[in-house]
Peer 1: 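One structure follows; several queries about it will come next.
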Amino acid sequence: MESKQLKIHNSLTRQKEVFKPINPPFVGMYVCGPTVYSDVHIGNVRTFVSFDIIYRYLKYIGYKVRYVRNITDVGHLEGDADIGAEDKIAKKARLEQLEPMEITHRYTLGFHEMMNTFNTLSPSIEPRATGHIMEQIEMVQDILDNGFAYVKNGSVYFNTVKFAESNDVYGKLSGRKIEDLFSETRDDLKHQDEKNHPSDFAIWIKADENHLMRWNSPWSVGFPGWHLECSVMSTKYLGKTFDIHGGGSDLKFPHHENEVAQNHGACNAAPAKVWIHTNMLLMNGRKMSKSDGNHITPVELFTGDSTHITKAYSPMIVKFFMMQAHYGSTLDLSDAALLAAEKGYRKIMEANRTLQQLVYEGAEALNDEDTEIQALMNGIFVDMNDDFNTPQALAKAFGLVNKINSFKDGHIALNSISRRTFEKLQYIFTAFLFDICGLKDETLNSEESNGITDELMQLIIELRQNARGNKDWAMSDKIRDSLAGIGVQLKDGKEGTTWIKS
RNA sequence: GGUCGGGUGGCCGAGCGGUUAGGCAGAGGUCUGCAAAACCUUGUACGGCGGUUCGAAUCCGCUCCCGACCUCCA
């Protein structure tokens, strides 16, 4: 059964491969988390939403997943430089006259809140770089012992030239040719002269006097290089070689490339079998950039407080918008695209409510509808198995939306599908939307209502029905329009009137 | 400049050798007191130029644009 096999695009091989865990049913997945020195970027949110769906789907199809996502709270230097620049967190701490830990604590909380807002599941473990200084020092020592690093003035550098000579690993992940890597010069960086070669990178950095974050090590009082934490923490929690390593495509080089080198250098093993890279979020067809104003924050999306959008978009609308594209493609955020996503999101949520309220009656009178619906349901999983293709799976789900609404309108008799198919439909549809995609039904009115709202609405709907019965159109329209004015939309259907918050 | 990845209808976005993707918007219809919602029907595509093939959006070559990384921005 082809459709039963999960295939994943492996960045390492640039091919879709059948996913075979090292120790089924267990799966180890490591995803590079945020550097907590500022509010989380909406593009970063996309990455974590993508991996949330991947995590949810792996669990849904029965794997026992250990999902590790780190918090980078030290070592990530300005400009992704590996030395000579200021640590992102230390810089922020200095600016705001706070302890580095205050900075990272604040933004870690903010990050968690945002992940919660987007209804993503917590990873199994969320280790911090500062909590693993000892292990990082040990790994530096291991790399030194294996001859792939050298010490200069208290800093330790990874010897890329020697590493490249000893195997053909370096450059493979990012698709770079060794010659190109080695011909690059970055003269503008300080401490460049400490390196034997421009492509070498720091794994331990000696702190200068003013540096706020510093630890004792055999080489100097200093701090670990940015790439090291991921090598260390993935190894510690998932083993030398594990199943999946993920992150944004912007991390491919140098971060992931150097991570791979470190793992080989320390453990003589490749860290991950499968690499998954999620693509960038654009806005209005261009890269988001703070400096030229082509930029929006998650909060601005939720409040509508931005010149780039005409209205507020809720977290689930934004999430749904993201799901309509494949994680491996760039996605272009725009007001029109969000508007379309909002309509689509509401339509599918409404269909789910309709579906759950349908009641199967009468004897089965099966026809083609049964097989069509079976095929659509099955298709969702065929698509998800094809490298987590959420846009295609969603297309199948919209096929089901069509069927569901036809049941509601009586265009298709419910008993033209079997009772079993119907029950499966109710189950699968909800499971896909909520368990796999991790959506929430924000339009659901029962959440904050305590029953009174529903009863009040029933009363109002009844009063309007009476008015309509008396052909008192002025009254019935007044009710409808007034409700619309306070954000309640009435929907007249064959089976009576329902309402939603608009 | 180097290395990767893209250019699909009004918009977003799947597909990647032969099938309606899907959502939104548009047009016509059904329903409705009128609307909205829902349902039915429906138009508009594959950057350009060559080539391979019975057949190409899908493969190859050239070309033009765009994006990512290499350099502050996830």
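Note on naming: letters A, B, ... go to the chains in the order of the sequence lines (proteins, then strands), and numbering restarts at 1 for each one.
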Peer 1: Could a donor-acceptor pair under 3.5 angstrom be found where the side chain of A:D477 meets the base of B:G33?
Peer 2: yes
Peer 1: Judged by modelled atom types alone, do A:T278 and A:T47 share a side-chain donor-acceptor pair under 3.5 Å?
Peer 2: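 A:T278 vs A:T47: donor-acceptor pair found between side chains.
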Peer 1: How many whole angstroms separate atom CD of A:Q392 from atom C1' of B:U20?
Peer 2: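 So the CD-C1' distance, A:Q392 to B:U20, works out to 13 Å.
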Peer 1: Write down the distance separating the P atoms in B:U52 and B:C66, rounded off to the nearest Å.
Peer 2: 31 Å
Peer 1: Given B:C11, B:C73, B:C4, which nucleotide is nearest the side-chain atoms of A:A336?
Peer 2: B:C11
Peer 1: Touch check for A:A340, heavy atoms < 4.0 angstrom, all strands: base, sugar-phosphate only, or nothing?
Peer 2: base
Peer 1: Starting from C1' on B:G13, measure out to CG on A:L282 and report it in whole angstrom.
Peer 2: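 So the CG-C1' distance, A:L282 to B:G13, works out to 13 Å.
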Peer 1: Establish, from distance only, whether the side-chain atoms of A:S416 and A:E369 form a donor-acceptor pair under 3.5 Å.
Peer 2: no
Peer 1: Report which part of the nucleic acid A:I42 touches: base, sugar-phosphate, or nothing (heavy-atom distance under 4.0 Å, all strands).
Peer 2: nothing
Peer 1: Picking from A:K92, A:R106, A:R128, what satisfies salt bridge (charged side-chain N to carboxylate O under 4.0 Å, His left out) with A:D73?
Peer 2: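 Single salt bridge (charged side-chain N to carboxylate O under 4.0 Å, His left out) partner of A:D73 among A:K92, A:R106, A:R128: A:R128.
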Peer 1: From B:C70, B:A35, B:A14, pick the nucleotide closest to the side chain of A:R480?
Peer 2: B:A35
Peer 1: Side chains of A:N294 and A:S289: any donor to acceptor distance under 3.5 Å?
Peer 2: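 Looking only at side-chain atoms, A:N294 and A:S289 do not form any donor-acceptor pair under 3.5 Å.
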Peer 1: Starting from P on B:C11, measure out to CD on A:Q324 and report it in whole angstrom.
Peer 2: 16 Å
Peer 1: Say we look at B:G17 and B:C46: how far apart would their C1' atoms be, to the nearest angstrom?
Peer 2: 14 Å
Peer 1: Roughly, in whole Å, what's the span from CG in A:L281 to P in B:G67?
Peer 2: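 Answer to the nearest Å: 15 Å.
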Peer 1: Would you give a per-nucleotide map of nucleotides 36-44 of chain B, 5' to 3', where B means the base has a protein non-hydrogen atom under 4.0 Å away, S means only the sugar-phosphate does, and - means neither?
Peer 2: BBBSS----
Peer 1: Indicate, with a heavy-atom threshold strictly under 4.0 Å, whether A:N389 touches base, sugar-phosphate, or nothing.
Peer 2: sugar-phosphate
Peer 1: List, with names and distances, any nitrogen or oxygen atoms from the protein found under 3.5 Å away from nitrogen or oxygen atoms belonging to nucleotides 6-10 of chain B.
Peer 2:
none

Peer 1: Determine the Euclidean distance between corresponding P atoms of B:G15 and B:G7; express it in Å to zero decimal places.
Peer 2: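 Straight-line distance between the two P atoms is 10 Å.
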Peer 1: Between B:G61 and B:C69, how far apart are the C1' atoms? Round to whole Å, please.
Peer 2: 27 Å
Peer 1: Atom OH of A:Y170 and atom C1' of B:U3: how far apart are they, to the nearest Å?
Peer 2: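 Rounded to whole Å, this separation is 14 Å.
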Peer 1: With rounding to the closest Å, how many angstrom separate the C1' atoms on B:G48 and B:A57?
Peer 2: 14 Å
Peer 1: Please measure how far the C1' atom in B:G2 lies from the corresponding atom in B:G47, and state the result in whole Å.
Peer 2: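 Nearest-Å result for B:G2 against B:G47 at atom C1': 24 Å.
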Peer 1: What donor-acceptor contacts under 3.5 angstrom involve side-chain atoms of residues 389-399 of chain A, with partners at least two apart or in another chain?
Peer 2:
residue : atom : partner : partner atom : Å
A:N389  : OD1  : A:Q392  : N            : 3.2
A:T390  : OG1  : A:M323  : O            : 2.9
A:K396  : NZ   : A:D383  : OD2          : 2.9

Peer 1: Where each residue is assigned the nucleotide of RNA chain B containing its nearest heavy atom, which of A:K290 and A:S249 is assigned the position nearer the 5′ end?
Peer 2: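 By nearest-heavy-atom nucleotide position, the 5'-most residue is A:S249.
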Peer 1: Could you pick out which residue, A:A341 or A:D39, lies toward the 5' side of RNA chain B when each is mapped onto its nearest nucleotide?
Peer 2: A:A341
Peer 1: A:V169: which residues meet the side-chain contact (heavy atoms from CB on, under 4.5 Å) condition with it, sequence neighbours left out?
Peer 2: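 Here the qualifying residues are A:F163, A:N167, A:V260, A:H264.
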Peer 1: Expressed as a whole number of angstroms, how long is the span from A:Q15:CD to B:C16:C1'?
Peer 2: 15 Å
Peer 1: Restricting to side-chain contact (heavy atoms from CB on, under 4.5 Å), what partner residues turn up for A:A467, sequence neighbours left out?
Peer 2: A:D472, A:M475, A:S476
Peer 1: Output the rounded distance in Å from OH (A:Y327) to P (B:A68).
Peer 2: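 Those two atoms, OH and P, are 20 Å apart.
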Peer 1: Is there side-chain contact between A:M288 and A:H41, with at least one heavy-atom pair below 4.5 Å?
Peer 2: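 Yes, close enough: below the 4.5 Å cut-off.
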Peer 1: Between the side chains of A:E257 and A:K172, is the shortest nitrogen-to-carboxylate-oxygen separation below 4.0 Å, so that they form an ion pair?
Peer 2: no
Peer 1: So, does A:K287 get its side chain near the phosphate of B:C69, meaning an N or O under 4.0 Å from OP1 or OP2?
Peer 2: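 Indeed, a polar side-chain atom of A:K287 lies that close.
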Peer 1: Measure from the side chain of A:S334, starting at C-beta and using heavy atoms only, and say which of B:C69, B:C34, B:C12 lies closest.
Peer 2: B:C12
Peer 1: Is it true that A:K91 and A:D87 have a side-chain N and a carboxylate O under 4.0 angstrom from each other?
Peer 2: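 Here A:K91 does not pair with A:D87 in a salt bridge, since their nearest N and O are not under 4.0 Å apart.
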Peer 1: Using the C1' atom in both, what is the distance from B:U44 to B:C31, to the nearest Å?
Peer 2: 28 Å
Peer 1: Kindly state whether the pair A:F398 / B:G23 counts as stacked, where counting means centroids closer than 5.5 Å and planes tilted less than 30° apart.
Peer 2: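 Base of B:G23: not stacked against A:F398.
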Peer 1: Kindly say whether, by distance alone, the side chain of A:S329 makes a donor-acceptor pair under 3.5 Å with the base of B:G5?
Peer 2: no
Peer 1: If you measure only the distance, is there a donor-acceptor pair under 3.5 Å linking the side chains of A:S306 and A:E300?
Peer 2: no
Peer 1: Would you mind classifying the nucleic acid contact of A:G344 as base, sugar-phosphate or nothing, using non-hydrogen atoms under 4.0 angstrom?
Peer 2: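 Sugar-phosphate, backbone atoms only, no base.
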Peer 1: For the side chain of A:L331, counting heavy atoms from C-beta on, which of B:G23, B:A68, B:G13 is nearest?
Peer 2: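 Ranking B:G23, B:A68, B:G13 by closest atom to the A:L331 side chain puts B:G13 first.
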Peer 1: Between A:D332 and A:R286, does at least one N-O distance fall below 4.0 Å, as a salt bridge requires?
Peer 2: no
Peer 1: What pair of heavy atoms forms the shortest contact from A:T117 to A:K440, and how long is it?
Peer 2: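 Smallest interatomic distance, heavy atoms only, reads O-NZ, 4.5 Å.
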Peer 1: A:Y37 side chain N/O closer than 4.0 Å to the phosphate oxygens (OP1, OP2) of B:C72?
Peer 2: no
Peer 1: Looking for any heavy atom pair under 4.0 Å, which part of the strands does A:R468 touch: base, sugar-phosphate only, or nothing?
Peer 2: base
Peer 1: When the C1' atoms of B:A37 and B:C54 are compared, how many Å lie between them, rounded to an integer?
Peer 2: 49 Å
Peer 1: With Watson-Crick and G-U wobble geometry limited to distances under 3.5 Å, how should the secondary structure of RNA chain B be encoded in dot-bracket form, using | for bases paired to another strand and [ ] for crossing pairs?
Peer 2: (((((((..(((.....[...))).(((((.......)))))....(((((..]....))))))))))))....
Peer 1: Measure from the side chain of A:F253, starting at C-beta and using heavy atoms only, and say which of B:C73, B:C69, B:G13 lies closest.
Peer 2: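 The answer is B:C69.
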Peer 1: Do A:E229 and A:T72 have side-chain heavy atoms sitting under 4.5 Å apart?
Peer 2: yes
Peer 1: Does A:F48 have A:R69 sitting over its ring (NZ/CZ under 6.0 Å from centre, angle to axis within 45°)?
Peer 2: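 Pair A:R69/A:F48 counts as cation-pi.
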Peer 1: Specify the separation, in whole Å, of atom NE2 of A:H256 and atom C1' of B:A74.
Peer 2: 12 Å
Peer 1: Please work out if A:H326 contacts a base, only the sugar-phosphate, or nothing of the nucleic acid, heavy-atom cut-off 4.0 Å.
Peer 2: sugar-phosphate
Peer 1: Determine: side-chain N/O of A:K396 to OP1/OP2 of B:A14, distance under 4.0 Å, yes or no.
Peer 2: no
